[in-house]
Amino acid sequence: MGLEIFLPSGNNRLDTQLKFTAEIDKMTSILRQTLLIDESRRENDAEHSWHISVMALLFEEYAIEKPNISHAIEMSLVHDLVEIYAGDTFAYDISGNESKKERELAAADKLFSILPKEQGTHIRNLWNEFDACETVDSKYANCLDRLQPFLHNTLTFGHTWKNIEPRTKRHQVEKRMTIIKEFMPEVYKWIESNIDNAVKQGWLLE
């Protein structure tokens with residue numbers, strides 16, 4: 001089962017595109033720390049990427065600069081592809097984040113080289129743009145990438161904040177939400193209220 005039984009088409013370009021498509025199916029096996037809102041299990045990378053891509057259609061009105069929604073969705077769809085090889089790194093895992101960049105660069109080299117060169121370059125450029133978080137579109141996509149798990153935490157009694165050691169502290173969440181504070185200030189008002197509530201409930205440490 002898997003690519004060992006792949007039947008070539010006779011078109012090398014098509015074959016590489018099909019094999020890449022099969023390879024990224026592995027995203028469904030990369031588990032994040034975030035719980036689904038029904039608390040039945042942890043979400044996977046594919047679900048997260050889909051979720052923030054739909055969110056990109058919804059929250060444009062709150063951005064202080066107008067994003068190109070289609071471009072933001074492209075970034076949202078591919079931003080975690082490298083985790084197929086690099087694994088998911090919890091946002092508040094200090095030691096894990098020390099090696100994250102190196103692991104993800106190696107994963108990008110491996111994964112995007114599967115595709116025809118111009119397509120691999122295009123997707124890698126989207127990934128680089130998201131990671132740099134300097135353009136309007138990448139700032140918008142990054143806001144959604146941080147808003148989605150925050151929303152899940154508020155609806156799962158602070159699951160990842162309180163259940164992963166060391167416990168997450170208020171200042172860590174506030175720092176991670178800084179981009180939303182700057183780029184989507186109306187949304188940040190809601191975030192701020194929820195941070196206050198999370199501390200009150202004991203989900204976050206003061």
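Owing to the predicted nature of the structure, the values given are computational and were not obtained by experimental measurement.
Under the 30°/60° scheme for interplanar angles, the aromatic rings of F157 and W203 are found to stand perpendicular.
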Working for side-chain contact (heavy atoms from CB on, under 4.5 Å), residues K169 and L204: CA-CA 5 Å; K169 300 177 177 61; L204 282 174; over 6 Å; no
Quick one, F150 with R176, criterion side-chain contact (heavy atoms from CB on, under 4.5 Å). Give me CA distance, side-chain angles, the key distance, then yes/no. CA-CA 10 Å; F150 183 92; R176 185 158 177 78; over 6 Å; no
Hey, mind stepping through E206 and K200 against salt bridge (charged side-chain N to carboxylate O under 4.0 Å, His left out) and telling me if it holds? CA-CA 9 Å; E206 182 67 67; K200 181 180 178 182; over 6 Å; no
Using the side-chain contact (heavy atoms from CB on, under 4.5 Å) rule, take D131 and K101 through it: C-alpha gap first, then chi angles, then the decisive distance, then the call. CA-CA 10 Å; D131 201 49; K101 189 68 175 180; 2.4 Å; yes
So I73 and L77, side-chain contact (heavy atoms from CB on, under 4.5 Å) or not? Walk me through it. CA-CA 6 Å; I73 289 174; L77 288 170; 3.9 Å; yes
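Smallest separation of non-hydrogen atoms from M55 and L144: C-CD1, 3.9 Å. Minimum interatomic distance between Q33 and H159 (heavy atoms only, all atoms of both residues): O-CD2, 3.9 Å. In terms of heavy-atom proximity, P67 sits nearest to D137 at CA-OD1, 3.3 Å. Of all heavy-atom pairs spanning N44 and M27, the tightest one is CB-O, 3.8 Å. L81 and L111 make their closest contact through O-CD2, 3.6 Å (heavy atoms, listed as atom of the first residue, atom of the second, distance).
Side chains of D15 and S9: a donor on one and an acceptor on the other come within 3.5 Å. Side chains of T135 and E129: a donor on one and an acceptor on the other come within 3.5 Å. With hydrogens and angles left out, the side-chain atoms of H48 and D145 include a donor and acceptor closer than 3.5 Å.
Taking CG of L115 as the start and CZ of F20 as the end, the distance is 4.5 Å to the nearest 0.5 Å. In this structure, CZ on F130 lies 14.0 Å from NZ on K139, to the nearest 0.5 angstrom. L205 contributes atom CG, which lies 9.5 Å from atom NE2 of H171 (distance to the nearest 0.5 angstrom). One distance of note links CG of N128 with CD1 of I123; it measures 12.0 Å at 0.5 Å rounding.
By the criterion of side-chain heavy atoms lying less than 4.5 angstrom apart, applied directly or through intervening Ile, Leu, Val, Met, Phe, Trp or Tyr residues, I52 is not grouped with V54; the two fall into different hydrophobic clusters. Taken together through direct or relayed side-chain contacts under 4.5 Å among Ile, Leu, Val, Met, Phe, Trp and Tyr, I69 and I64 form part of one hydrophobic cluster. In this structure, L7 is not a member of the same hydrophobic cluster as L3, with clusters built from ILVMFWY side-chain heavy atoms closer than 4.5 Å.
When R42, R41, R32 are each tested for a salt bridge (Lys or Arg N to Asp or Glu O under 4.0 Å) with E47, only one passes: R41.
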In a table with atom names and distances, give each donor-acceptor pair under 3.5 Å that connects a side chain of residues 180-191 to protein atoms at least two apart or in another chain.
{"residue": "E186", "atom": "OE1", "partner": "K189", "partner atom": "NZ", "Å": "3.3"}

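Counting heavy atoms from C-beta outward, R170 and D196 have side chains that approach closer than 4.5 Å. T160 is not listed as a side-chain neighbour of L35, based on a closest heavy-atom distance of 4.5 Å or more. Side-chain contact between M75 and W127: absent, with no pair of heavy atoms (C-beta onward) separated by less than 4.5 Å. At a threshold of 4.5 Å between non-hydrogen side-chain atoms, the residues E118 and T121 do not count as touching. Between T34 and N153 there is no side-chain heavy-atom pair separated by less than 4.5 Å. Contact annotation: the side chain of V173 approaches that of T168 to within less than 4.5 Å [non-hydrogen atoms, C-beta and beyond]. Residues I164 and F90 are in side-chain contact: their nearest non-hydrogen atoms beyond the backbone lie under 4.5 Å apart. Inter-residue side-chain proximity for T16 and Q119 is flagged as unmet; no heavy-atom pair is nearer than 4.5 Å.
Distance alone, capped at 3.5 Å, is enough to place a donor-acceptor pair between the T178 side chain and the E174 backbone. Looking at N142, its side chain does come within 3.5 Å of a backbone N or O of S138 through a donor-acceptor pair. Between the side chain of H79 and the backbone N or O of S76, at least one donor-acceptor pair lies under 3.5 Å. With S49 contributing its side chain and A46 its backbone, the two residues share no donor-acceptor pair below 3.5 Å.
Contact check on R103 versus E98 returns no salt bridge, with no Lys/Arg side-chain nitrogen under 4.0 Å from an Asp/Glu carboxylate oxygen.
Applying the salt bridge (Lys or Arg N to Asp or Glu O under 4.0 Å) criterion to K26, with sequence neighbours excluded, gives E23.
Counting heavy-atom neighbours within 6.0 Å of Y85 OH, excluding the residue itself, gives a total above 12.
Sorted by first then second residue, the side chain to side chain donor-acceptor pair (under 3.5 Å) pairs that include residues 56-65, not counting sequence neighbours, are E60-K66.
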